[in-house]
K.L.:
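Here it is: the structure, laid out below.
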Protein chains: 2
Amino acid sequence: MVVASATTRSREEQIHGAIRAAGGRLTGPTRAVVGVLVESDRHLTADDLIAEIDRTYPGIAPSTIYRVLMRLDELGIVEHVHSGTSPAFYHLRERGHAHLVCNECGRIIDIPDSMFSQLAHTVEQAYDFTVEPRHAAILGRCAACRS
Amino acid sequence: MVVASATTRSREEQIHGAIRAAGGRLTGPTRAVVGVLVESDRHLTADDLIAEIDRTYPGIAPSTIYRVLMRLDELGIVEHVHSGTSPAFYHLRERGHAHLVCNECGRIIDIPDSMFSQLAHTVEQAYDFTVEPRHAAILGRCAACRS
DNA sequence: GTGCTTGCAAAGTTTTTGCATCGCT
DNA sequence: AGCGATGCAAAAACTTTGCAAGCAC
């Protein structure tokens with residue numbers, strides 16, 4: 001069972017404020033998506049969200065969840081990250097961080113943007129290309145799977 | 001019109017040799033996939049390949065092309081690269097290089113693996129995670145789209 | 001009240017799978 | 001000849017879209 005702590009409660013309201021400030025409407029499905037994202041505080045695929053919302057706030061259509069995610073992404077409330085073969089995952093936008101994804105077990109590791117700085121700088125100089133480190137995960141193999 | 005030059009011809013035969021050496025069979029569809037990859041010498045999505053092969057070597061089933069690509073990938077003849085929302089693209093494996101993909105125009109830029117070396121090293125040290133730089137593109141924005 | 005959102009259901013896109021047949025080695 | 005590869009067609013996985021009804025502001 002999902003229990004909202006005082007902390008997540010205030011976090012949720014803070015995000016509601018941000019949505020209003022960005023010109024978004026606080027509809028039921030939007031609250032549900034934000035609620036699950038705040039509560040789980042993990043990286044969830046659209047499918048994860050659909051399943052979890054179906055348990056917690058039944059009656060919301062999958063298509064609506066896709067649309068809410070798209071809207072919140074545009075409003076800058078959430079971000080999505082591409083991770084190879086598996087579908088993109090979503091998370092609340094917070095202090096920018098990039099991701100490592102293990103090709104074998106799918107484990108997701110958060111890393112600071114700063115680790116990209118040298119690569120980003122080199123690429124900018126050499127190719128006049130601005131890297132968006134948070135938009136795609138770096139793939140590889142985690143220690144456990146490298147056995 | 002597609003014309004096989006002496007150069008691509010030998011390149012093709014060289015790859016045929018590599019396929020045999022790796023234990024792969026040189027079937028019609030396999031030759032077709034290699035032929036298109038050598039001839040175009042670009043980064044093609046599975047769909048690009050299906051369309052191009054349908055023009056050049058009609059009668060090959062899409063599912064077969066997916067299977068051939070999977071096999072050649074396992075044999076180490078081709079590599080696929082994930083690039084955000086758009087489908088993965090395939091290319092012949094050659095001197096290792098990574099890719100930048102523009103989120104706006106889709107342009108693909110090849111960059112040397114070496115640009116990853118510092119990031120890879122840092123990540124290895126800090127998270128015991130081995131980066132595979134060629135398996136996912138770095139997303140961002142190219143000069144033309146950054147207007 | 002107005003215009004953005006939703007639910008439903010249908011269609012789209014991309015990739016995978018089952019199975020009998022075929023063909024490379 | 002043997003065993004993997006192929007073609008076909010159906011299914012799967014994941015998203016998107018059209019439209020009438022509903023709801024936030």
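Chain identifiers are assigned alphabetically (A, B, ...) following the order of the sequence lines, protein sequences preceding nucleic acid strands; residue numbering begins at 1 within each chain.
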K.L.:
Check each residue of residues 72-82 of chain A for a non-hydrogen atom within less than 4.0 Å of any atom in DNA chain D, then write out the ones that pass by number, or none.
P.N.:
none
K.L.:
Check for me, please, whether Leu75(A) and Val81(A) land in the same ILVMFWY cluster - side-chain distances under 4.5 Å, paths through other members count.
P.N.:
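Each belongs to a different hydrophobic cluster.
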K.L.:
Strictly by modelled atom types, are His135(A) and Asn103(B) linked by a side-chain donor-acceptor pair under 3.5 Å?
P.N.:
yes
K.L.:
Using heavy atoms to find the nearest nucleotide of DNA chain C for Arg20(B) and Pro87(B) separately, return the residue whose nucleotide is more 5′.
P.N.:
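It is Pro87(B), whose closest nucleotide lies nearer the 5' terminus.
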K.L.:
I'd like to check the side chain to side chain contact (heavy atoms under 4.5 Å, CB included) partners of Thr27(A); sequence neighbours left out, ordered by chain and number.
P.N.:
Arg25(A), Pro29(A), Thr30(A)
K.L.:
For Gln118(A), which residues count as a side chain to side chain contact (heavy atoms under 4.5 Å, CB included) partner, sequence neighbours excluded?
P.N.:
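By the side chain to side chain contact (heavy atoms under 4.5 Å, CB included) rule, Gln118(A) matches Thr122(A), Gln118(B).
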K.L.:
Test your reading of the model: is there a side-chain donor-acceptor pair from Asp48(A) to the backbone of Thr45(A), 3.5 Å cut-off?
P.N.:
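Checked: pair present.
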K.L.:
Could you tell me how far apart Met70(B) (CE) and dT14(C) (P) are, to the nearest whole angstrom?
P.N.:
17 Å
K.L.:
Rounded to 10°, tell me the angle between the two end axes of the helix from dG1(C)-dC25(D) to dT25(C)-dA1(D), each built from five pairs.
P.N.:
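Helix axis angle between the two ends: 50°.
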K.L.:
Just the endpoints, please: which first and last nucleotides of DNA chain D, 5' to 3', lie under 4.0 Å from a heavy atom of chain B?
P.N.:
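The contact span of chain B on DNA chain D goes from dC3(D) to dA9(D).
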K.L.:
Taking side chain to side chain donor-acceptor pair (under 3.5 Å) as the test, write out the residues that go with Ser114(B), two or more places apart.
P.N.:
none
K.L.:
Once salt bridge (Lys or Arg N to Asp or Glu O under 4.0 Å) is applied, what residue pairs with a partner in residues 62-75 of chain B remain, sequence neighbours excluded?
P.N.:
none
K.L.:
Using the salt bridge (charged side-chain N to carboxylate O under 4.0 Å, His left out) criterion, which residues pair with Arg31(B)? Sequence neighbours excluded.
P.N.:
none
K.L.:
My understanding is that a hydrophobic cluster links ILVMFWY residues whose side chain heavy atoms are under 4.5 Å apart, including indirect links. Using that, what else belongs to the cluster containing Met70(B)?
P.N.:
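Answer for Met70(B): none, a lone residue.
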K.L.:
Quick one: name the residues clustered hydrophobically with Ile109(A), using the 4.5 Å side-chain heavy-atom rule over I, L, V, M, F, W, Y, and just say none if it's on its own.
P.N.:
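Members other than Ile109(A) - counting any ILVMFWY side chain reachable under 4.5 Å - are Leu100(A), Ile111(A), Met115(A), Phe116(A), Leu119(A), Val123(A), Tyr127(A), Phe129(A), Val131(A), Ile138(A), Leu100(B), Ile109(B), Ile111(B), Met115(B), Phe116(B), Leu119(B), Val123(B), Tyr127(B), Phe129(B), Val131(B), Ile138(B).
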K.L.:
Checking side-chain polar atoms at under 3.5 Å, does Glu52(B) have a donor or acceptor matched by the opposite partner on Thr56(B)?
P.N.:
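Note: Glu52(B) and Thr56(B) side chains meet the donor-acceptor criterion.
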K.L.:
Please report, to 0.1 Å, the donor-acceptor pairs under 3.5 Å made by any side chain of residues 83-92 of chain B, with sequence neighbours excluded.
P.N.:
{"unit_1": "Ser83(B)", "atom_1": "OG", "unit_2": "Ser86(B)", "atom_2": "OG", "d": "3.3"}
{"unit_1": "Thr85(B)", "atom_1": "OG1", "unit_2": "His82(A)", "atom_2": "NE2", "d": "3.4"}
{"unit_1": "Ser86(B)", "atom_1": "OG", "unit_2": "Ser83(B)", "atom_2": "O", "d": "3.1"}

K.L.:
Give me the distances for all protein-to-nucleotides 2-6 of chain C N/O pairs that come in under 3.5 Å?
P.N.:
{"unit_1": "dG3(C)", "atom_1": "N2", "unit_2": "Arg25(A)", "atom_2": "NH1", "d": "3.0"}
{"unit_1": "dC4(C)", "atom_1": "O4'", "unit_2": "Arg25(A)", "atom_2": "NH2", "d": "3.1"}
{"unit_1": "dC4(C)", "atom_1": "O2", "unit_2": "Arg25(A)", "atom_2": "NH1", "d": "3.1"}
{"unit_1": "dT6(C)", "atom_1": "OP1", "unit_2": "Thr27(A)", "atom_2": "OG1", "d": "2.7"}
{"unit_1": "dT6(C)", "atom_1": "OP2", "unit_2": "Arg71(A)", "atom_2": "NH2", "d": "2.7"}

K.L.:
Where each residue is assigned the nucleotide of DNA chain C containing its nearest heavy atom, which of Ala88(B) and Leu26(B) is assigned the position nearer the 5′ end?
P.N.:
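Closer to the 5' end of DNA chain C: Ala88(B).
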K.L.:
Could you tell me how far apart Tyr66(A) (OH) and dT13(C) (P) are, to the nearest whole angstrom?
P.N.:
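The answer, rounded to whole Å, is 16 Å.
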K.L.:
Which pair of non-hydrogen atoms, one from His43(B) and one from Ile108(B), has the smallest distance, and what is that distance?
P.N.:
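Reported closest heavy-atom pair: CB-CD1, 3.7 Å.
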K.L.:
Using whole Å, report how far CD1 of Ile19(B) lies from P of dC24(C).
P.N.:
14 Å
